[in-house]
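Data block below; observations after.
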Amino acid sequence: MRKFSIPLTILFTLAFLPLAFSQNELTEKGGFTVNPSEEHGFLFVLANRPNDLLEMRTGITKYIWKYHPNDKLKVMQIQVDGDLATVPLIHVTGFTSKTQAMDFYAGLKQNRPDFLTMGLTNDYFPLSKTNYEAIVRAKSLSGYKAFFEQNYLR
């Protein structure tokens, strides 16, 4: 009787091929990748009302002082051309990993600070440094929301 053996690497590849395919599909569409241990940031996409920008930035800063005083987070306004030329963005940096950024996200959902309930933002989400760079290079957020929901919220 003859034994048939399949190398372990082939079994591993076949077992995880569906996961790799969905990641590759998303990466091809938006150039986004999943890297939980990479440094992360947080992006607030504001409604197109430039007068609200200072109020929003101040609100985020106060929120960080209250709930994350020791995290050494930095808040900065960014301007990107292309699709985002008229969209005010605030980028919070200093998260060491996806987990820390998702804790910040969960805290926003739980605490519902004023700047979120006043309708100043269209969206907000954590993103890795690599994905932030991809958004800035593409000058567009196209595809990131779906990527975030599939890879961060599930």
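Fair warning: this is a prediction, and the values are worked out from it, not measured in the lab.
Among residue pairs with one or both ends in residues 74-89, those qualifying as side chain to side chain donor-acceptor pair (under 3.5 Å) are Asp83-Ser140; sequence neighbours excluded. Pairs of residues two or more places apart, or lying in two chains, that qualify as side chain to side chain donor-acceptor pair (under 3.5 Å) and include a residue from residues 56-66 are Tyr63-Asn111.
When all heavy atoms of Leu89 and Leu43 are compared, the closest pair comes out as CB-CD1, 4.2 Å. Taking both residues in full, the closest heavy atoms of Pro126 and Tyr144 are given as O-OH, 2.8 Å, listed atom of the first, atom of the second, then distance. Smallest separation of non-hydrogen atoms from Thr130 and Thr33: CG2-OG1, 3.9 Å. Contact detail for Gln100 and Thr96: the closest heavy-atom pair is OE1-N, 2.6 Å. When all heavy atoms of Asn122 and Ala47 are compared, the pair lying nearest together is ND2-CA, 3.7 Å. Between Phe125 and Val45, the shortest heavy-atom distance links the atoms CZ-CG2, 4.2 Å.
Taking the side chain as every heavy atom from C-beta outward, Thr93 and Leu73 never approach each other to under 4.5 Å. Within the 4.5 Å cutoff, the side chain of Leu84 has heavy atoms near those of the Leu141 side chain. Between Asp71 and Ile64, the closest side-chain pair of non-hydrogen atoms is not below 4.5 Å. For the pair Leu46 and Ile90, the minimum side-chain heavy-atom distance is below 4.5 Å.
Partners of Thr117 according to the side-chain contact (heavy atoms from CB on, under 4.5 Å) rule, which considers only residues two or more places apart in sequence or in another chain, are Arg112, Asp114. Here Phe42 pairs with Phe44, Phe104 under the ring-ring contact (aromatic ring centres under 6.0 Å, His included) rule; sequence neighbours left out. Residues passing the salt bridge (charged side-chain N to carboxylate O under 4.0 Å, His left out) test with Asp103, sequence neighbours excluded: none. For Tyr105, the ring-ring contact (aromatic ring centres under 6.0 Å, His included) partners two or more places apart in sequence, or in a different chain, are Tyr124, Phe148.
A donor-acceptor pair shorter than 3.5 Å can be found between the side chains of Asn35 and Ser37.
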Margin query: Phe115 vs Glu55, test: side chain to side chain contact (heavy atoms under 4.5 Å, CB included). Steps then yes/no.
Written below: CA-CA 8 Å; Phe115 62 85; Glu55 184 176 350; over 6 Å; no
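Using modelled atom types, one side-chain atom of Asn151 and one backbone atom of Phe147 make a donor-acceptor pair closer than 3.5 Å. His40 places a side-chain N or O within 3.5 Å of a backbone atom of Glu38 that can act as its donor or acceptor partner.
Geometric assessment of Lys98 against the ring of Tyr152 yields a positive cation-pi assignment under the 6.0 Å and 45° thresholds.
Taking OG of Ser97 as the reference point, atom CE of Met102 lies at 11.0 Å (rounded to 0.5 Å).
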